[in-house]
Protein chains: 2
Amino acid sequence: MHDVPNKNKKISLTQVASAAGVSKMTASRVLRGEGGYSEKTRKLVMEKVDQLGYLPNRLAAVFAGDKTSTFVGVSIPELGNEVFSQVLEGIDRKLGTFGHQTVLGLTQHTAEEEETWISTVLSWQPAGLILTGRLHSPRATELLRNAGIPIVEIWDLNSSPIDMSVGINHFDAGFDMGRYLVQCGYRNLGYVGTSHDIANAATTRLAGFCKAIESGGGQVTKQLCLHDSASYYPGFYGTEQLLASGTDIDAIFYQNDAMAFGGLQFCTGKGLCVPGDIGIAGWGDLPIASVLAKRMTSMHVPHLKLGQAAAEMMIARLSGEPVGDVRDIGFKLIPGSTVRNLAGLS
Amino acid sequence: MHDVPNKNKKISLTQVASAAGVSKMTASRVLRGEGGYSEKTRKLVMEKVDQLGYLPNRLAAVFAGDKTSTFVGVSIPELGNEVFSQVLEGIDRKLGTFGHQTVLGLTQHTAEEEETWISTVLSWQPAGLILTGRLHSPRATELLRNAGIPIVEIWDLNSSPIDMSVGINHFDAGFDMGRYLVQCGYRNLGYVGTSHDIANAATTRLAGFCKAIESGGGQVTKQLCLHDSASYYPGFYGTEQLLASGTDIDAIFYQNDAMAFGGLQFCTGKGLCVPGDIGIAGWGDLPIASVLAKRMTSMHVPHLKLGQAAAEMMIARLSGEPVGDVRDIGFKLIPGSTVRNLAGLS
DNA sequence: TTGAAAGCGATACCAA
DNA sequence: TTGGTATCGCTTTCAA
């Protein structure tokens, strides 16, 4: 049908070698650029490679060398939350630079999905694993401990990781946000987020937040955890639900900026002034925040950098360089203008 | 350190078999549930599997069986554009349901990156490939034609695909949007998008858009293609640049809703009324559109469904079911309120 | 119902 | 600078 010479025919190294009139070992050496052959031989072999359209079978190579593959398994809860798509982008770009491939796993925030995915991906002899979150099922934990490959747990900083960890301390980040709102004079707080079957970073953040509010003499009157994705519309209707309950909330903390923007739109639509009538605080300093007229009160976390850092730790470990176990990537409060700024911060 | 029996030891099928006192063929049969063994044997083998913590080596299995793996390579231009993260989510979830794994490739919209990635991923003997876009380098095209595995080209509908294709006709979609704006009375249009080294769906869309505008007696006075990602802030500053050029534009068409929202924010910030002073049309009907006070004029495309459809075609093909070559997933104009609605559509 | 032997495509190791 | 041979973990094939 198409006049390509090798349609649907798999060419093996042996065929290349015999076409070039050398042994397959020589051909193998040339292809790996390992050295130990003459320039003439190299040319001859490469010529045949092009001619025959030879594609190496990496499966066989890994298998023969008793090595791991260049795969890195990466688990992410969901892509609908922009936070995680940024992290994934950071990881994949960096891994790609070093010749590794991402094998993706969307766990939908469940430990069960994660466990299934871990055992499958391990059977492909990956070079390493990058996992979002620190909570795994008992069997998953055992699999990970026995895997004998580098493992980076990201997002929620883990002071005693299975192997390595990159992220931030979400309790502290939540606490800082709570403390800031207290400083701004808020006492009667609400929270809108999403819930999942396993405790996660957002839960930890909320715990830190509550702690700070309570320490400051306030309280988190109403916490709403929707069974939905952490996106714009859930922020919108979550706010509606929260305010409908009639409690006299003076500010709302959201799981991320997307939800916060949804909430902002709901409030504005109802004729509420932000921050005059109600304060709004988001999380993540997501791209949308950069175009809003009022800077969103939020917490900046370098998501892309976090992903890159995770990939870098992985690669350093794979190349035998010394790597620290734990890396705190940091966060930064964005005071913004969607809460009253009595704190005098800028 | 941990009292697990098999820490860092790889258990092979042979070891399981000898522990169970059977041959490795019997053990292999049990593990694959292939039949041809007694219940007693099955129990015995499975017991040892649990005891030893055996994890199969799928690399070896694929290799031995001379089959393809359960990998499906999926190339996506970028995750920063929410359109693509939705498509990817649709693909991965569906593939996962059928026991396949996504090997991700972010091509950054370049044919060169795509080519490199294709040849790498092919060397892992994937079951199939799902590629975003229809334009590939000559070598990539040859590799794809010779790969002998199912290939789905998504996003930009391809009437003569390499193998299969799912998506929409972007020219038609762009044309429809253009025609609608003409019907609404707009004649002097602007465009803000991003550019890449290869022509892509957005380019095709723009071509259709221009065609419609010109057929209607208008013109697309200014087209801005930024070297940036198709996100909020580029929409914002792109609009600034466009309007600074002084041409008397009455409406702007954007590459997607995120950019359009950025533009909307810029216009509003400058005191322009939308759609009174200027019309704004986005693309994709992205999640943010659901919380805006004014419904964004846009084009709905079922991104998640598109991803799922691609995965379904792949799986149907892999299981030998008959599959059509081309599937049009459709689009739907959202008239919205960010353009003057003289057309009387609702 | 079970097992023994061959072989998948490459690399490691040792010899020439 | 080159080549022969064993081997990786599993499945296929054929025989018992």
Side-chain angles (χ1 to χ4, degrees), chain A residues 6 9-46 48-49 52-71 119-120 122-127 147-148, chain B residues 6 9-46 48-49 52-70 119-120 122-127 148:
Chain A
N6 55 338
K9 271 168 225 145
K10 297 238 165 141
I11 306 294
S12 75
L13 185 59
T14 311
Q15 291 170 61
V16 172
S18 69
V22 298
S23 76
K24 62 177 178 172
M25 266 319 300
T26 301
S28 170
R29 280 191 271 257
V30 169
L31 277 157
R32 280 175 296 149
E34 192 216 46
Y37 43 80
S38 66
E39 174 58 17
K40 194 178 137 199
T41 309
R42 197 193 62 78
K43 263 191 178 152
L44 192 60
V45 171
M46 292 313 287
K48 293 301 169 191
V49 164
L52 299 169
Y54 169 69
L55 263 191
N57 183 338
R58 310 268 271 112
L59 241 51
V62 168
F63 181 49
D66 198 26
K67 286 182 280 206
T68 58
S69 65
T70 51
F71 292 131
S119 69
T120 303
L122 280 179
S123 71
W124 291 109
Q125 319 298 119
Chain B
N6 55 339
K9 271 169 224 145
K10 296 235 167 146
I11 305 293
S12 74
L13 225 204
T14 312
Q15 291 170 62
V16 172
S18 68
V22 298
S23 75
K24 63 176 177 176
M25 262 322 298
T26 302
S28 170
R29 279 190 271 255
V30 169
L31 277 157
R32 281 175 296 147
E34 191 217 46
Y37 43 81
S38 67
E39 175 58 16
K40 195 179 135 199
T41 308
R42 196 194 63 77
K43 263 190 178 153
L44 193 59
V45 171
M46 292 314 286
K48 293 301 168 190
V49 164
L52 299 170
Y54 169 69
L55 264 190
N57 182 338
R58 309 268 271 113
L59 240 53
V62 169
F63 179 50
D66 197 27
K67 287 182 279 209
T68 58
S69 65
T70 52
S119 69
T120 304
L122 280 179
S123 71
W124 292 108
Q125 319 300 120

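Each chain gets a letter, A, B and so on, in the order the sequences are listed, and its residues count up from 1.
Within the 4.0 angstrom heavy-atom criterion, only backbone atoms of the sugar-phosphate kind lie near B:V22; the bases stay farther away. Counting non-hydrogen atoms under 4.0 angstrom, B:Y37 reaches the backbone sugars and phosphates but no base. Within 4.0 Å (heavy atoms only), B:R29 reaches at least one base atom of the nucleic acid.
For B:S23, no side-chain nitrogen or oxygen approaches OP1 or OP2 of C:dT2 to under 4.0 Å. Under 4.0 angstrom from either OP1 or OP2 of C:dC8 there lies no side-chain N or O belonging to A:S12. The phosphate of C:dT11 has OP1 or OP2 within less than 4.0 Å of a side-chain N or O from A:R32. Distances shorter than 4.0 Å separate none of the side-chain N or O atoms of A:Y54 from OP1 or OP2 on C:dG9. Proximity of B:T41 to the phosphate of C:dT1: no side-chain N or O atom is located under 4.0 Å from OP1 or OP2. Between B:T14 and D:dC10 there is no side-chain N or O to OP1 or OP2 distance below 4.0 Å. Between B:T26 and the phosphate of C:dG3, there is a side-chain N or O to OP1/OP2 separation shorter than 4.0 Å.
For A:A60, whose side chain is taken as the heavy atoms from C-beta onward, the closest listed nucleotide among D:dT1, C:dA10, D:dC10 is C:dA10.
What separates NZ of B:K67 from C1' of C:dG9 is a distance of 17 Å, to the nearest Å. Residue B:E34 contributes atom CD, which lies 12 Å from atom P of C:dT2 at whole-angstrom precision. Protein atom CG of A:L13 is 13 Å distant from nucleotide atom P of C:dA12, rounded to whole Å. Distance A:M25 CE to C:dA10 P: 12 Å, rounded to the nearest Å. One atom, CZ of B:F63, and another, P of C:dA6, lie 17 Å apart when rounded to the nearest Å.
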